[in-house]
Amino acid sequence: MASISPLLRRVGPSHSSITVTLLMSCSKALACDVLGGLIAHFWFNKHEPEVSWSFFAIVALAPVPSAWMLFEHMSAQQAALIAYPLFIVTLLTSISIYRASPWHPLAEYPGPFLCKLTQFWNVWVMWGGKQHVYRLWMHEKYGPIVRIGPNELSIVDKELMPSILGPQGMPKGPLNADKRLTPASEKHKDDYSLQGCRDSQRHAKLRKAWSKAFTNSPMKDYEELMLQRALQLIETLDKFCRDSPDGYGHVDISKWINFFSYDFMGDLIFGGGFELMRDGDKDGLWHSMETAIIYPAMCQHIPWFSPILRILPFVGAPMRAFAKFALHHATVRSTKEPKRKDLFYHITEATLSDMDSGISAFPLIVSNAVLAITAGSDTVASVLSGIMYYILANPADYARLKEEVDRAFPPNEVSVIGSEAFAKMPFLHAVVREGLRLQPAVPSSLQRAPEIGTGGKIVGSHYFKEGTMVTCAPFAQHRDPRYFSPSPNTFWPERWIKTSGGVSTEDGVICDRSAFIPFSYGPANCVAKPLAMIELQTAVLLFVMNFDMSFDDGFVPKSWEDNLKDFFSMQKGELMAKLKPRDRIKL
Ligand code: HEM
C-alpha cells in the first residue's frame with residue numbers, strides 16, 4: 001500500500017474507504033492489462049512470424065483500456081508507465097513460459113535454451129557471421145533434428161530431404177518472403193520474383209520460364225559469354241604480373257573473382273553494362289551489394305520486424321542503393337533489343353510464348369533483376385574463391401590438378417576450352433565438388449514450411465504443424481560423418497574419385513552424393529546449376545593453366561576461414577596470392 005501511495009496524490013489525503021475503492025479499481029485495471037497480455041500472446045501464437053505492423057498495433061493499443069481505467073486515479077503519464085510495461089512483461093513472460101514448456105508442439109526436439117525462447121538469439125548469432133559454425137556445432141551436440149528457434153527446426157537427415165525440399169516437400173518458408181531488396185515503393189505492382197514466391201503452384205508456374213532459359217540451346221550462348229569474361233580475368237591478372245617489378249602478381253584473388261562473376265552476371269542478365277574488371281569498383285557496386293544483403297539476412301529470422309529495420313536510414317540505405325542500381329539496369333534492358341541472347345531474352349521468350357502465363361516482359365525483368373544479380377554473382381564468387389583457397393592450401397592436390405590440366409591441355413599446344421573437355425578431367429571435377437562440399441554458397445538457410453492453409457505436413461515419422469519452419473543446412477550436412485568420411489572437415493578431393501562407382505568403398509570411405517546439396521534439392525533448387533558448374537570448372541582450369549600460384553608472402557591462411565561469414569549466402573575476406581605466368585601457347 002505504501003509503495004503505491006505516491007501515485008495517489010490526486011485523490012487527496014489517505015482515507016481508508018477511498019483507498020480500498022481505489023485499490024479495487026486499480027487491480028481491475030491491472031487484471032485487465034494482464035489478461036490483455038495473455039490474449040495478445042494467444043493471437044501472436046497463431047500469427048507469428050508473419051505479422052508486422054499488426055504486431056506493433058496490438059502492442060500499442062492493447063494496454064489502452066487498462067491505462068484508461070488507471071487514468072481515473074492518476075496522471076496519464078503515470079497510467080501509461082504502469083499499463084505498458086505490465087502488458088509487455090506479461091506478454092513476454094507468457095510467451096517464454098509457453099515456448100520452454102512441454103506443451104509447445106516442438107518441445108520434444110532438443111536445442112539450446114535461448115533458441116527455444118527467441119529468434120532474436122539467432123539474429124545475434126547471424127550478426128557475428130558464424131551461423132554456419134553454430135549450426136554444425138548444434139547438430140554435433142544434439143543430433144540430426146535440432147530446435148533452432150521457437151518454431152523452427154534444423155534437419156540434417158538425407159532420408160527426410162524428399163519430404164522437406166523434394167517434389168513431395170514443402171514450399172519456401174517465411175525467410176524467403178522478405179528476401180527482396182526492392183523497397184515496396186519502387187516495386188512493380190506485379191511481383192514475379194521467383195525467390196520470394198511461397199505458393200508452390202505459382203512458384204512452379206514462374207519457374208517454367210527460368211528452367212527453359214537454362215536448357216541446352218540458351219546454355220551455349222551463356223557459356224560463350226562466360227568464357228570471354230574468364231579469359232578477360234586471366235589476361236588482366238597476367239598483365240598485373242608482367243607489370244610488376246618482381247614478375248609476380250600480388251593480388252587479392254577473391255576481389256578479382258568478385259569482379260569477374262559480377263561482370264559476367266551483367267552480360268548474362270542485361271546483355272552487358274558492368275565493367276568492374278576494366279574500371280574497378282569505382283561506384284562501390286560490389287560493396288553496396290555485400291552490405292545490402294546483410295540486413296535481409298538479419299531479418300530472415302524475424303520477418304515481422306523487417307519493415308521497421310528497412311525504414312532506419314543506416315539499414316535501408318545500402319539496400320535502396322543496390323535496388324536502384326538493379327532497377328536502372330532492368331529498365332534500360334527492357335527498352336532495348338539485346339545484342340546477344342541474354343538470360344532475360346530467354347526468360348521473356350519462354351514466358352511470352354506461354355499463352356497461359358498472362359505475364360508481360362517489363363514487370364518480369366524488374367521483379368527478378370535483383371535476384372539474378374545476387375543469386376548469380378555472390379554465390380559463384382564465394383565458392384570459386386573457396387576452391388582457390390583450398391587449392392593453394394593443399395599443394396599435393398594442386399600438383400595433381402596441374403598434371404591433369406597439362407595432360408588435357410599440353411602447354412605447347414593451342415587450347416580450345418569447352419565444356420566437352422571437362423569429361424576428361426575427373427580430378428578437376430572432384431576439386432570443384434570438394435570445394436562446394438566444404439564451403440557451400442548458401443550454408444545454412446534452405447528453409448521450407450508447410451503450405452499455408454494445409455494445417456501441417458508429415459515428414460517421415462514427424463508431424464509439423466503449420467507455422468513450423470524447417471531448415472536444411474548444407475554446411476552441417478556436408479560435414480556429417482554418416483555421409484562423408486573419413487575426415488569430413490578436411491579438403492580431400494580423392495574421396496570423390498575413390499567412390500566414383502558408388503557411395504562407399506571397402507576400406508570405409510563414404511562419399512554420399514545423395515546428401516550433397518550445394519545447389520539445394522527439389523523444385524526450388526538452383527535453376528542455374530549446370531551453368532554454375534561450368535563457370536566454376538572453367539575458371540579453376542584457366543587459373544591452373546596460366547599461373548603458378550601460392551599464398552602471398554605474409555598472408556595467413558587461417559584468416560580465410562576466420563573471415564567467412566554466413567549472411568544467408570557466404571561472405572568472404574581477402575585471399576592474397578602470388579601469381580607467376582606460366583609459359584604456354586596462348587589461346
Ligand atoms: C556456385 C554457384 C551457385 C550456387 C552454389 C547456388 C546455390 C543456390 C541454392 C542453394 C539455391 C536454392 C535455395 C533454396 O533451396 O532455398 C539457389 C537458387 C537459385 N539460384 Fe543459384 N547458385 C549458384 C549460382 C547461380 C547462378 C549463376 C544463377 C543465375 C542467375 C543462379 C540463380 C538461382 C535462382 C534464380 C534461384 C532460385 C530458384 C527458385 O526459387 O526456384 N544461381 N541457388
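Counting convention: from 1, in listed order, for ligands and their atoms alike. No hydrogens, no waters, no symmetry mates; every other heavy atom, side chains included, goes into these values.
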Relative to the heavy atoms of [X], which atoms of ligand 1 are at a distance of less than 4.0 Å?
{"X": "L446", "answer": "10 (C), 13 (C), 14 (C), 15 (O), 16 (O)"}
{"X": "A441", "answer": "5 (C)"}
{"X": "M265", "answer": "27 (C)"}
{"X": "V380", "answer": "2 (C)"}
{"X": "P518", "answer": "5 (C), 7 (C), 10 (C)"}
{"X": "R448", "answer": "14 (C), 15 (O), 16 (O)"}
{"X": "W210", "answer": "35 (C)"}
{"X": "V527", "answer": "34 (C), 35 (C)"}

Where does A532 meet ligand 1, judged by heavy-atom distances below 4.0 Å: at the side chain, the backbone, both, or neither?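 Just the side chain.
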* How does N525 reach ligand 1, by side chain, by backbone, by both or by neither, if only non-hydrogen atoms under 4.0 Å count? ->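 For N525, only backbone atoms sit under 4.0 Å from ligand 1.
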### Message
I'd like to know whether the aromatic ring centres of F214 and H346 sit less than 6.0 Å apart in this structure.
### Response
no
Requested in this report: Look only at interatomic distance and state if R207 has a nitrogen or oxygen under 3.5 Å from any nitrogen or oxygen of ligand 1.
Outcome: yes
Nitrogen or oxygen of K172 less than 3.5 angstrom from that of ligand 1
yes
| query | Should H328 and T331 be marked as a side chain to side chain contact (heavy atoms under 4.5 Å, CB included) after you check the CA-CA gap, both sets of side-chain angles, and the distance that decides it? | reply | CA-CA 5 Å; H328 165 72; T331 311; 5.8 Å; no
Measure the distance from [atom] to every protein heavy atom, then report the residue, atom name and distance (to 0.1 Å) of the closest one.
{"atom": "atom 30 (C) of ligand 1", "result": "A372 O, 3.9 Å"}
{"atom": "atom 29 (C) of ligand 1", "result": "A528 CB, 3.6 Å"}
{"atom": "atom 20 (N) of ligand 1", "result": "C526 SG, 3.3 Å"}
{"atom": "atom 25 (C) of ligand 1", "result": "A375 O, 3.4 Å"}
{"atom": "atom 4 (C) of ligand 1", "result": "F519 CE2, 3.5 Å"}
{"atom": "atom 24 (C) of ligand 1", "result": "T379 OG1, 3.4 Å"}
{"atom": "atom 37 (C) of ligand 1", "result": "L194 CD2, 4.1 Å"}

Consider ligand 1: state whether an atom of it lies below 4.0 angstrom from any non-hydrogen atom of H203.
-> yes
Mark the output for L531 as yes if a heavy-atom distance to ligand 1 is under 4.0 Å, and as no if none is.
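The answer is no, since L531 has no heavy atom less than 4.0 Å from ligand 1.
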Would you call the rings of [X] and [Y] parallel, tilted or perpendicular if under 30° counts as parallel and over 60° as perpendicular?
{"X": "W496", "Y": "F484", "answer": "tilted"}
{"X": "F259", "Y": "W256", "answer": "perpendicular"}
{"X": "Y262", "Y": "F325", "answer": "parallel"}

If you compare S520, P523, G376 by their heavy atoms, the one closest to atom 27 (C) of ligand 1 turns out to be G376
Residues [X] and [Y]: side-chain donor-acceptor under 3.5 angstrom:
{"X": "T499", "Y": "R513", "value": "yes"}
{"X": "S444", "Y": "Q131", "value": "yes"}
{"X": "E152", "Y": "T471", "value": "yes"}
{"X": "Q439", "Y": "H478", "value": "no"}

Note: S261 and A381 closest approach over all heavy atoms is OG-CB, 3.5 Å
Candidate pair E434 and R495, rule salt bridge (charged side-chain N to carboxylate O under 4.0 Å, His left out), full reasoning: CA-CA 9 Å; E434 190 66 347; R495 73 177 83 241; 3.0 Å; yes
Can you tell me which residue among F567, F568, F475, W137 is in a ring-ring contact (aromatic ring centres under 6.0 Å, His included) with H132?
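For H132, the ring-ring contact (aromatic ring centres under 6.0 Å, His included) test succeeds with only one of F567, F568, F475, W137, which is F475.
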| request: Kindly indicate, with the supporting measurements, whether the criterion salt bridge (charged side-chain N to carboxylate O under 4.0 Å, His left out) is fulfilled by E140 and R482. | output: CA-CA 12 Å; E140 283 170 355; R482 286 176 298 165; over 6 Å; no
